[in-house]
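What follows is a single structure, written as structure tokens, with notes after it.
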Amino acid sequence: MSIISGDSLLEQLTWRYATKKFDPAKKISAADWAVIEKALVLTPSSYGLQPWKFIVVTDSALKAKLRPASWNQSQVVDCSHLVVLTAKVDITEADVDRFVARMAEVQGVSVESLAGYKGYMVGDLVKGPRHAIIQDWAARQTYIALGNLMTSAALLGVDACPFEGIEPAKYDDILGLKGTGYTTISACPLGYRAEGDKYAAVPKVRFEAKDVVEHR
Ligand SMILES: Cc1cc2nc3c(=O)[nH]c(=O)nc-3n(C[C@H](O)[C@H](O)[C@H](O)COP(=O)(O)O)c2cc1C
């Protein structure tokens with residue numbers, strides 16, 4: 001028994017679009033934002049390591065500073081909330097320890113009992129061959145969060161626009177991320193579409209399922 005009807009799900013996924021013009025007067029309510037933020041935090045990640053930090057910008061002056069670092073896209077200033085998705089630049093044993101400590105706390109087990117799982121993660125991500133691409137690995141995890149964020153917003157009737165059209169190094173400067181161990185990967189303005197954003201009515205361009213989905 002599904003929680004939401006298939007029709008409603010598809011309706012919202014069709015309703016959403018990469019919003020080009022937000023209505024600057026419309027703000028996401030605190031209640032809706034709290035849900036969106038919880039959904040973001042619930043995003044799954046490889047091993048559950050959550051190699052990210054999400055920076056939520058609502059301050060107008062800060063948004064204005066970020067606009068030139070965002071290919072001058074107006075959504076940055078007109079949105080209600082701008083989420084900047086950042087990823088860890090490295091994964092160390094200390095990062096794994098931090099996660100294991102949290103796991104022990106939440107699950108009510110000892111850190112020692114998780115030694116095997118810890119060894120597995122360290123062997124793979126810290127000492128294994130994947131360490132050479134660890135920043136890419138962390139960045140990939142943030143795209144799961146970006147997808148989750150967009151879908152969650154759409155289900156609440158909140159508009160969003162995923163953004164790779166940014167200059168990550170400039171974002172890092174403006175947000176003071178240098179030396180924090182996190183770097184900007186993408187951003188996502190959220191809010192409500194402006195009346196007259198003609199892109200809202202443009203039909204979705206997707207390949208036919210038969211061309212992108214294979215059943216075997
Ligand atoms: C990772 C990613 C980065 C994107 N970057 C931008 C961007 O910087 N600016 C923009 O207006 N749209 C951006 N888009 C929106 C895409 O162009 C849009 O999602 C795609 O054309 C499909 O259209 P739809 O989202 O309206 O269904 C991005 C989309 C994704 C998934």
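First listed ligand is number 1; within each ligand, the first listed atom is number 1.
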N/O pairs closer than 3.5 Å, ligand 1 and protein:
| residue | atom | partner | partner atom | Å |
| --- | --- | --- | --- | --- |
| ligand 1 | 5 (N) | Pro162 | O | 3.2 |
| ligand 1 | 5 (N) | Glu164 | N | 2.9 |
| ligand 1 | 8 (O) | Gln73 | NE2 | 3.2 |
| ligand 1 | 8 (O) | Glu164 | N | 3.4 |
| ligand 1 | 8 (O) | Gly165 | N | 2.8 |
| ligand 1 | 9 (N) | Gln73 | OE1 | 2.7 |
| ligand 1 | 11 (O) | Lys20 | NZ | 2.6 |
| ligand 1 | 11 (O) | Gln73 | OE1 | 3.4 |
| ligand 1 | 12 (N) | Lys20 | NZ | 3.4 |
| ligand 1 | 14 (N) | Pro162 | O | 3.3 |
| ligand 1 | 25 (O) | Arg16 | NH1 | 3.3 |
| ligand 1 | 25 (O) | Arg16 | NH2 | 2.6 |
| ligand 1 | 25 (O) | Ala18 | N | 3.4 |
| ligand 1 | 26 (O) | Ala18 | N | 2.9 |
| ligand 1 | 27 (O) | Arg16 | NH1 | 3.4 |
| ligand 1 | 27 (O) | Lys204 | NZ | 2.6 |
| ligand 1 | 27 (O) | Arg206 | NH2 | 2.7 |

Min side-chain heavy-atom separation [X]-[Y] under 4.5 Å:
X: Tyr143; Y: Ile185; value: yes
X: Phe163; Y: Pro189; value: yes
X: Thr43; Y: Thr142; value: no

(message) Strictly below 4.0 Å, N to O, side chains only: are Lys20 and Asp197 in salt-bridge contact?
(response)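 Between Asp197 and Lys20 there is no salt bridge, as every charged N stays at least 4.0 Å from the carboxylate O atoms.
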(message) Quick check against the 3.5 Å criterion: does Thr19 have a side-chain atom that pairs as donor or acceptor with the backbone of Cys161?
(response)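 Between the backbone of Cys161 and the side chain of Thr19 there is no qualifying donor-acceptor contact (under 3.5 Å).
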(message) For Asp78, give me all partners under side chain to side chain donor-acceptor pair (under 3.5 Å), at least two apart in sequence or on another chain.
(response)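 Residues passing side chain to side chain donor-acceptor pair (under 3.5 Å) with Asp78: none at all.
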